[in-house]
Amino acid sequence: MELVFASSNQGKINELRQIIADLSDSISLLTIGDGVPEIPVKESGADFTENAILKAKAYARVTGKPTVADDSGLEVLALNGAPGVNSNRWYPGSDGDRNRALLDKLTDKSDRMAQFVTAVAYLPDSEAEPQIFIGSVSGKITDEPRGSAGFGYDPIFIPDGYAKTFAELGLAEKNKISHRAKAFKKFADYLANQYEKQ
Ligand code: ITT
């Protein structure tokens with residue numbers, strides 16, 4: 001089947017291509033540049049799930065194809081869950097600027113606990129009831145950015161059970177344990193189930 005990924009974030013697109021590499025016989029992933037136009041979507045939802053649905057709907061309407069979207073973010077306990085759904089917008093500038101600003105907010109905080117969350121929304125067509133799949137990974141925020149792989153907050157997040165940040169671990173390791181990998185694994189299981197039923 002052809003499956004549109006409703007994202008303009010190249011870091012996410014790279015991850016998803018690797019996460020679903022095993023399924024390349026059955027899924028042909030279409031992203032911006034594969035004939036999928038970039039559609040501006042206002043992420044006005046109250047949570048990750050609502051935003052994922054908004055993105056999936058917008059792309060499904062325009063492409064007319066089965067579409068999946070992911071809305072993700074970082075929740076920091078000492079900041080009462082911020083930046084959360086605002087992870088991409090709470091501070092202007094680059095990913096590096098946001099990492100630095102987040103570390104500044106945490107300078108006097110000994111509690112460094114945080115989690116990444118992904119909500120995946122799947123729409124077989126634009127009018128269908130969305131199917132939702134959630135994944136999360138717990139960890140802690142570093143004192144300094146470390147590593148160069150990945151994107152976003154990867155250089156300042158150490159997943160539980162590891163000593164390295166996601167940006168130091170690299171894509172292959174991140175994809176074994178990440179919020180996004182967990183949510184898309186649930187989605188892939190759902191799709192496999194749907195096919196078995198047919
Ligand atoms: P699309 O909506 O086009 O998919 P986006 O970058 O706006 O791209 P999100 O709203 O889902 O995507 O994500 C908000 C931000 O959260 C994102 O820009 C990153 O800064 C951060 N983020 C999300 N997933 C991440 C990950 O796996 N590692 C590091 N940072 C991540």
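Indexing begins at 1, ligand by ligand and atom by atom, following the structure's order.
Of the protein's non-hydrogen atoms, Lys12 NZ, 3.5 Å is the one closest to atom 9 (P) of ligand 1. Annotation: atom 16 (O) of ligand 1 to nearest protein heavy atom, Ser87 CB, 3.3 Å. Looking from atom 2 (O) of ligand 1 to the surrounding protein, the closest heavy atom is Lys55 NZ, 2.6 Å. Summary of contacts: the protein heavy atom closest to atom 3 (O) of ligand 1 is Ser8 N, 2.8 Å. For atom 30 (N) of ligand 1, the nearest non-hydrogen atom of the protein is Tyr153 N, 3.0 Å. Annotation: atom 24 (N) of ligand 1 to nearest protein heavy atom, Arg180 NH2, 2.9 Å. In terms of protein heavy-atom proximity, atom 17 (C) of ligand 1 is nearest to Asn9 ND2, 4.2 Å.
Using a non-hydrogen distance threshold of 4.0 Å, Arg89 does not register as a contact of ligand 1.
Between Gln18 and Asn14, the side chains place no donor N or O within less than 3.5 Å of an acceptor N or O (distance only, hydrogens not considered). Inspection of the Thr31 and Asp34 side chains reveals an N or O donor paired with an N or O acceptor under 3.5 Å.
Contact atoms of ligand 1 toward Glu43: 2 (O), 7 (O), 10 (O) (distance under 4.0 Å to a heavy atom of the residue). Close contacts between ligand 1 and His179 involve ligand atoms 24 (N), 25 (C), 26 (C), 27 (O) [criterion: under 4.0 Å to a heavy atom]. Near Ser7, meaning under 4.0 Å from one of its heavy atoms, ligand 1 places the atoms 1 (P), 3 (O), 4 (O). Counting atoms of ligand 1 from 1 in the listed order, those under 4.0 Å from a heavy atom of Lys174 are 26 (C), 27 (O), 28 (N). Those atoms of ligand 1 that come under 4.0 Å of a heavy atom in Asp154, given as number and element, are 26 (C), 28 (N), 29 (C).
Ion pairing of Arg98 with Asp95 is present here, as a side-chain N (NZ or NE/NH1/NH2) and a carboxylate O approach within less than 4.0 Å. Looking at Lys164 and Glu173, no side-chain N of the basic residue comes within less than 4.0 Å of a carboxylate O on the acidic one, giving no salt bridge. Using a 4.0 Å cut-off between charged nitrogen and carboxylate oxygen, Arg100 and Glu144 count as a salt-bridge pair. Contact check on Asp70 versus Lys182 returns no salt bridge, with no Lys/Arg side-chain nitrogen under 4.0 Å from an Asp/Glu carboxylate oxygen.
At a 4.0 Å heavy-atom cut-off, ligand 1 does not touch Arg98 at all. Counting heavy atoms closer than 4.0 Å to ligand 1, residue Phe151 contributes atoms from both its backbone and its side chain.
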Practice task
List the steps and the verdict of side-chain contact (heavy atoms from CB on, under 4.5 Å) for Asp143 and Leu103.
Solution key: CA-CA 7 Å; Asp143 293 327; Leu103 293 179; over 6 Å; no
Practice task
Apply ring pair (Phe, Tyr, Trp, His ring centres under 6.0 Å) to Tyr190 and Phe133, showing your working.
Solution key: CA-CA 9 Å; Tyr190 167 83; Phe133 309 92; 5.4 Å; yes
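Ring geometry, His179 versus Phe116: the interplanar angle falls under 30°, so the pair is classed parallel (tilted spans 30 to 60°).
The nearest non-hydrogen atom to atom 18 (O) of ligand 1, considering only Ile13, Val137, Asn99, Asn88, comes from Asn88. For atom 23 (C) of ligand 1, the nearest non-hydrogen atom from the set Pro40, Ser94, Ser72, Ser178 belongs to Ser72.
Without hydrogens or angle criteria, Asn51 side chain to Gly45 main chain gives a donor-acceptor distance under 3.5 Å. Judged by distance alone, with hydrogens and angles left aside, the side-chain atoms of Asn9 form a donor-acceptor pair with the main-chain N or O of Gly11 at under 3.5 Å.
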